[in-house]
Amino acid sequence: MISFQSKIKEVYATPIGKDILDKLFLQMKLPEKLIDNPMIGNMKLSTVVKLSRGKLSEGFLRTFLNLVNAEKDVPAPGTCEVKPAWWKEAVFYQIYPRSFCDGNGDGMGDLEGVLSKLDYLKSIGVDAIWFSPIYDSPQDDNGYDIRDYRTIWERFGTMEKFDELLDAVHARGMRLIMDLVINHSSDEHEWFQKALTDPKSKYHDYYIFRPATGKGSDPGDPPNNWKSFFSGSAWNYYPEINEWGLHLFSSKQMDLNWENPELRADVIDMIRWWLEKGVDGFRMDVINLISKTDGLPDGDEMIGKMMGVRGIEHYFYGPRLHEYLRQIRSEAFDPYNAFSVGEMPGIGMESGKLLTGDDRHELDLFFNFDHLETPGHTRFDDYVYDLNYLKQYYIRWQEGFGNHCWQALFLENHDNPRVVSKIEPNPAFHEKLAMTLLTIQLTLKGTPFIYQGQEMGTANYPFRSIEEMDDVESINLYNELIEKHTPAEAFRIVLSGTRDHARRMIDWDPSDPGDSARYDHVRNYLQKLTTARKDHKTLVYGDILFTNRTRKDLFTYFRSDANENWYIECNLSNHDIRRSGTDLNPESIANCRVLGNYGNVRNGVLRAYECNVYWLT
Ligand code: ISL
C-alpha cells in the first residue's frame with residue numbers, strides 16, 4: 001500500500017504511480033532519470049506536499065493514492081518472444097467515411113465511394129481498413145453519436161451495400177474493423193428515449209442519471225463538477241424527469257451505465273451481431289472511460305488543469321475497467337477471434353501493458369496520444385512540433401513496452417490536424433517529410449495505422465472563418481473562447497487544433513500540378529514501403545536497436561533477426577545534417593539501399609527530411 005509516508009521511488013515502482021509520475025515529469029520537462037537521484041527518490045510524499053507550498057492539495061494526493069492503490073496487478077516482464085499475429089503484420093488504413101470518397105455525387109463520402117477505392121487501397125499495400133462510425137446517427141459528432149447500432153446511416157448507404165462492401169474487402173484478402181462507440185450513445189437512441197419517457201423502465205438504468213436537488217423549476221447545481229471534453233458541464237438537465245444525465249462528450253452523447261449487467265449484455269449482443277456478419281474486429285472509442293468511480297465524486301482542479309478536463313481521474317482508469325474489457329473479450333471477441341484496438345486517452349505505458357498484454361485477455365492494441373503534442377503544448381496551441389520529441393518518445397516505448405505488448409503506430413487520425421502542417425510551416429518540404437514519417441511508421445516495431453490522405457502528404461486546410469468549420473468540438477470551443485477573447489483570437493486558437501483539418505473531403509484528382517505530383521510521389525513511396533514490410537518479416541518482428549540516441553535531428557536504428565539486418569536513417573530537420581563518424585558510411589552500403597526519398601544517397605550528408613532504408617544482409 002502506498003501512503004503519505006511512502007517514498008517517491010516506492011510510488012514509481014507501482015504501474016500507475018510510474019505512469020502518473022512520468023506524465024508529470026514530461027509536462028514539467030524534467031528528465032525521468034530524476035527518480036534515480038536519492039534526494040528525490042527517497043523523498044516522502046508528505047514532504048512533497050509540504051514543499052509544494054499549497055500547490056499540491058491533500059485532495060490531489062488522496063486521489064493519486066487511490067488510483068495507485070486500486071491497481072493490484074503488475075505487468076509481466078516483457079522479455080518473452082513476440083507471438084505472431086495477422087494484426088501485427090498488417091498495415092491499417094483509417095477511413096473517415098463522410099470525407100473519403102463520394103460515390104453518389106451528393107458531395108459527401110459514402111459506402112459506394114469506398115467500394116470504388118478498394119483496389120486502390122489494395123494497391124498501396126493496405127491490409128485492413130478501420131471505418132469510423134457508419135451507423136445511423138443524428139451526426140451531432142459525425143457519427144460518434146449512435147442512434148441505432150444495427151443500421152447504416154442512410155446518407156452512407158444501406159446494410160446491403162455494407163454486406164457487399166465487406167465481401168469485396170474480404171475478396172481482396174483485406175480485413176475490415178468497425179468503430180465501436182459504447183461509452184455513450186446518442187440521446188436519440190431508443191434506450192435513451194425510453195429512459196426519458198418511462199423513467200421506471202429498465203432503460204433508465206442504461207444511462208447515468210442523478211436527481212436534481214433544486215426547488216421548483218430550478219434544478220440546482222449539477223451532481224458534480226465534471227466538465228465535458230467538448231466544453232461546459234458534463235451534465236444535462238431533463239425537466240421531464242427532474243434529473244441530470246451525464247455526458248462526457250457533446251450534450252447529445254449520453255454516457256452508458258456500464259455498472260448495469262443488462263446494458264452490458266445488450267452491448268455484447270450487438271457486438272456479436274456484427275461479428276456474426278464477418279467483420280474482423282473493432283476500434284473501440286474512448287473505451288478506457290467506461291467505468292466511473294462509485295459515487296461520481298468531484299474532480300480535482302489541479303488534475304483537471306493538467307489533463308485538460310475536470311473529473312478525468314474518476315474515469316480514465318476506472319475501478320471496473322479490466323473486468324468489463326475481459327467480459328467483452330470472452331463473451332464477444334474470443335468466440336470470433338476478433339481483433340481489438342482501444343482508443344485510450346490518458347493511459348500510459350504501464351497501465352497500457354495491463355490493458356493490452358497478450359497474457360491479460362483484454363485488448364490487443366491501444367492508441368496512446370502522448371506523442372501528438374510536445375510537452376507543455378495542447379492541440380490548440382499554435383506552435384511548431386519538434387520531431388526530436390517524437391524520436392525520444394519512440395525510443396522510450398519501443399524499448400520499454402516489452403514483447404507481451406505491441407505498439408499501435410499512428411501520427412494522424414480524424415481528431416487531429418495534419419501532421420506535416422504541425423511539423424513544417426513550409427509546404428515545399430511536405431512531400432519529403434510525409435515520406436519520412438511514413439518510413440518511421442512502417443519500420444518501427446508495431447502496427448502502422450495510416451489516416452486517409454496521409455498517403456498523399458495532405459496538409460491542413462486554410463479555413464478563413466468559423467462558419468467554414470463543422471465540428472462540434474471546434475464550435476463549442478469557439479463559443480466558449482469568445483467570452484474572453486476577440487472573435488479573431490478565438491478563431492486563431494480553434495484553427496490551430498480543429499479536427500476539421502483532417503475531415504476535409506479528399507481531393508482524388510487535384511487540378512494543381514504541384515499537388516498532383518506530391519500525391520503520386522508519396523503514394524508510390526508508400527507502396528514500396530508496404531511491399532518491403534510484407535516481403536521482409538524482419539521489419540515487423542525483428543529486434544530494434546537505436547543508434548545516435550542523443551544526436552539532434554538524426555534518427556537511426558537497425559531492425560534485425562537471425563536472417564536479416566536493416567538500417568534506417570532519417571533527417572528530422574529541414575536542413576542538411578552531417579552523418580557522424582560512427583554512422584554507417586552510405587558509400588559502402590549505397591547498393592544496399594532499398595528505399596529513400598531522394599534519388600541517390602550523398603556521402604556524409606543527409607538533406608532536408610531525407611530518409612533511407614538499407615537492407616544490409
Ligand atoms: O482526450 C483527448 C486527448 O487526450 C481527446 O482527443 C479524445 O481522445 C477524443 O476526444 C476522443 O475521441 C473519440 O471520441 C469522441 C469523438 O468525438 C472522437 O471523434 C473520437 O475519436 C467521442 O465519441
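Just so you know, ligand 1 is whichever comes first in the structure, and atom 1 is the first atom listed for that ligand. Just so you know, these numbers use all the heavy atoms, side chains as well, and skip hydrogens, waters and symmetry mates.
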E473: heavy atom below 4.0 Å from ligand 1, yes or no? no
Are Y394 and Q441 linked by a side-chain donor-acceptor pair shorter than 3.5 Å? no
Heavy-atom distances under 4.0 Å are what count here, so tell me which part of Q253 touches ligand 1: side chain, backbone, both or neither. side chain
Any luck finding a side-chain donor-acceptor pair between D140 and S250 under 3.5 Å? yes
Quick one: nearest non-hydrogen protein atom to atom 10 (O) of ligand 1, plus distance? F249 CE2, 3.6 Å
Using a 4.0 Å heavy-atom cut-off, which part of R283 comes near ligand 1: side chain, backbone, both, or neither? side chain
What protein heavy atom sits nearest atom 14 (O) of ligand 1, and how far away is it? D285 OD1, 2.9 Å
Nearest candidate to atom 8 (O) of ligand 1, where distance is taken over non-hydrogen atoms, out of R503, R499, E343: E343
For atom 6 (O) of ligand 1, what's the nearest protein heavy atom and its distance? R379 NH2, 4.1 Å
Indicate the atoms forming the closest heavy-atom contact of D187 with S251, along with that distance. OD2-O, 4.3 Å
Is it true that the side chains of N288 and Y315 contain a donor and an acceptor less than 3.5 Å apart? no
Y383 versus E373, side-chain donor and acceptor atoms under 3.5 Å: yes
Would a distance-only check, ignoring hydrogens and angles, find a side-chain to backbone donor-acceptor pair under 3.5 Å from W274 to Y149? yes
Heavy atoms only, cut-off 4.0 Å: how does F316 contact ligand 1, side chain, backbone, both, or neither? neither
For atom 4 (O) of ligand 1, state which one of G497, G346, P345, A502 supplies the nearest heavy atom. P345
Minimum-distance protein heavy atom relative to atom 1 (O) of ligand 1: F229 CE2, 3.4 Å
Rounded to the nearest 0.5 angstrom, the CG-CG distance for L26 and L21 is 12.0 Å
Are there protein heavy-atom neighbours of atom 20 (C) of ligand 1 below 4.0 Å? yes
The protein heavy atom nearest to atom 17 (O) of ligand 1 is D141 OD2, 2.4 Å
How about E424 and H430: does a side-chain donor come under 3.5 Å of a side-chain acceptor? no
